[in-house]
Amino acid sequence: MGWDGFLLLWCAGWGAVALVGAARSLAGVTKAQRTVRSTGRIREVGEPRHGASRTGGIPLVVDYPDPDTGRRVTVTDDEGRGESVTAAWAGREIGVSHPRGRPREFRFTDAPERPARGLAGPAAALFAAYAGLVALAAVRWAWPWALVGGAGPWALSGLWYLPEAVRDRRGKRARLAAMDAVPGRIVAVFRDVRVDPDDGSTLTTRTPVVAFTTRDGTAVTAHCTAHLADPARARGREVTVHHTPADPAEFTLDPAADRRSWGWDTAVHVIAVVLLAATAGAGAVLLLR
């Protein structure tokens with residue numbers, strides 16, 4: 001079997017996977033559609049244990065309504081289920097999800113989630129099929145098809161999201177200018193060790209945890225992953241926390257560094273769009289010769 005046959009099988013296989021996934025979504029039987037999503041509210045925030053894994057995260061006691069009975073369910077999470085709740089305070093709303101009929105198998109998310117249709121898998125399969133079609137066109141007709149088919153859609157996508165990225169940057173800068181500055185303290189440093197199965201080397205990740213109190217008296221405990229020197233020895237260090245008054249989960253220790261980072265993000269976005277568009281344009285010119 002040559003490359004043509006292999007690529008045809010590739011496209012057909014992934015196309016079939018995408019169709020089956022879309023059919024399951026229409027039938028309402030995907031895992032995402034069978035997941036019950038609720039909005040929980042943090043009742044208590046425990047003291048994070050220094051040196052523990054961030055998988056366990058910040059110990060929480062959470063209340064959420066059982067959709068089947070309407071009764072309030074209270075759960076304690078000190079083992080880490082689902083995403084780590086990276087910022088916690090009493091009264092904060094977070095997302096709680098569980099399989100239908102099994103509320104004790106709950107998982108947390110940092111924010112309430114909307115109902116999902118389970119189309120992420122079919123979309124990925126469709127992308128794989130499209131990539132196969134681009135490769136098939138390049139093999140059968142001319143290699144510049146790979147430039148047009150590969151770079152063109154990414155350039156259009158980047159151009160589509162560019163105005164939103166600019167607006168998001170402006171919004172972040174406005175919120176940054178209105179932030180409150182309050183004293184904080186690093187109360188713990190989580191430590192996670194991962195062993196590479198290939199060479200046996202270890203990778204240690206440290207996540208400092210900062211505690212601070214907003215001006216309205218809200219006590220916040222949150223992961224602090226940026227702008228902190230020597231995180232391994234940060235426990236007990238006093239810091240200044242700049243946070244958004246309306247949402248203490250949005251905070252920084254170095255506003256100037258954030259401004260520079262957001263500026264670079266926008267610049268990289270623009271450069272990527274220009275390069276992708278130029279690549280697709282070069283492919284189109286070569287095809288027209």
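Atoms considered below: every heavy atom in the structure, side chains included; atoms not considered: hydrogens, waters and symmetry mates.
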For the residue pair His243 and Met179, establish whether any side-chain heavy-atom pair is separated by less than 4.5 Å.
no
Taken to the nearest 0.5 Å, the spacing of Arg72 CZ from Arg41 CZ works out to 11.5 Å
Taken in chain and number order and not counting sequence neighbours, the residues that satisfy salt bridge (charged side-chain N to carboxylate O under 4.0 Å, His left out) with Arg43 are Asp63
Discussion item. Between Thr279 (side chain only) and Leu275 (backbone N and O only), is there a donor and an acceptor less than 3.5 Å apart?
Written reply: yes
Heavy atoms of Ala249 and Arg92 approach each other most closely as CB-NH2, 4.0 Å
Quiz prompt | N/O donor-acceptor pair under 3.5 Å between Ser25 side chain and Arg117 backbone | solution = yes
Is any side-chain heavy atom of Tyr64 closer than 4.5 Å to one of Val75?
yes
Taken to the nearest 0.5 Å, the spacing of Thr207 OG1 from Arg191 CZ works out to 12.0 Å
Any sub-3.5 Å donor-acceptor pair from Thr35's side-chain atoms to Lys31's backbone N or O? yes
message = With a 4.5 Å cut-off on side-chain heavy-atom distances among I, L, V, M, F, W and Y, is there a chain of contacts connecting Val134 to Leu147?
response = no
Residue set satisfying salt bridge (charged side-chain N to carboxylate O under 4.0 Å, His left out) with Arg170, at least two apart, ordered chain then number -> none
CD1 of Ile94 to CD of Glu113, rounded to nearest 0.5 Å, is 11.0 Å
Nearest heavy-atom approach of Arg259 to Leu176 is CG-CD2, 3.4 Å
### Query
Hey, does Val220 have a side-chain heavy atom less than 4.5 Å from the side chain of Val241?
no
_Looking at Trp154, I'd like to know if its CH2 atom is crowded, meaning that more than 12 non-hydrogen atoms belonging to other residues, nucleotides or ligands lie closer than 6.0 Å._
no
Contact check, side chains of Leu60 and Val45, non-hydrogen atoms, under 4.5 Å: yes
Q: Could you tell me whether the side chain of Val189 reaches within less than 4.5 Å of the side chain of His50, counting heavy atoms only?
A: yes
Residue set satisfying side-chain hydrogen bond (donor to acceptor under 3.5 Å, both in side chains) with Thr252, at least two apart, ordered chain then number -> Asp258
Q) Should the pair Asp230-Arg206 be classified as a salt bridge under the 4.0 Å nitrogen-to-oxygen rule? A) no
d(Leu162 CG, Arg167 CZ) to nearest 0.5 Å is 9.5 Å
Hydrophobic cluster identity match, Trp10 and Val17, side-chain contacts under 4.5 Å
yes
Can you tell me if Arg100 uses its side chain to pair, donor with acceptor, with the backbone of Val36 under 3.5 Å? no
Rounded to the nearest 0.5 angstrom, the CD1-CD1 distance for Ile58 and Ile42 is 8.0 Å
Looking only at heavy atoms, the pair that brings Leu8 and Leu136 closest together is CD2-CD2, 3.7 Å
Would you mind reporting whether Val182 and Thr213 have side-chain heavy atoms less than 4.5 Å apart? no
Residue set satisfying side-chain hydrogen bond (donor to acceptor under 3.5 Å, both in side chains) with His223, at least two apart, ordered chain then number -> Arg54
Contacts of Thr30 meeting side-chain hydrogen bond (donor to acceptor under 3.5 Å, both in side chains) (sequence neighbours excluded), chain-then-number -> Gln33
Here the pair of heavy atoms bringing Leu126 nearest to Ala18 is N-CB, 4.0 Å
**Q.** Side chain Tyr130, main chain Gly149, donor-acceptor under 3.5 Å
**A.** yes
Between the CG atom in Leu133 and the CH2 atom in Trp145, the distance rounded to the nearest 0.5 Å is 12.0 Å
Between Ala222 and Phe251, the two heavy atoms sitting closest are CB-CE2, 3.6 Å
By side-chain hydrogen bond (donor to acceptor under 3.5 Å, both in side chains), Ser53 pairs with (sequence neighbours left out) Thr55, Asp192
When every non-hydrogen atom of Val273 is compared with those of Leu159, the smallest separation belongs to CG2-N, 3.9 Å
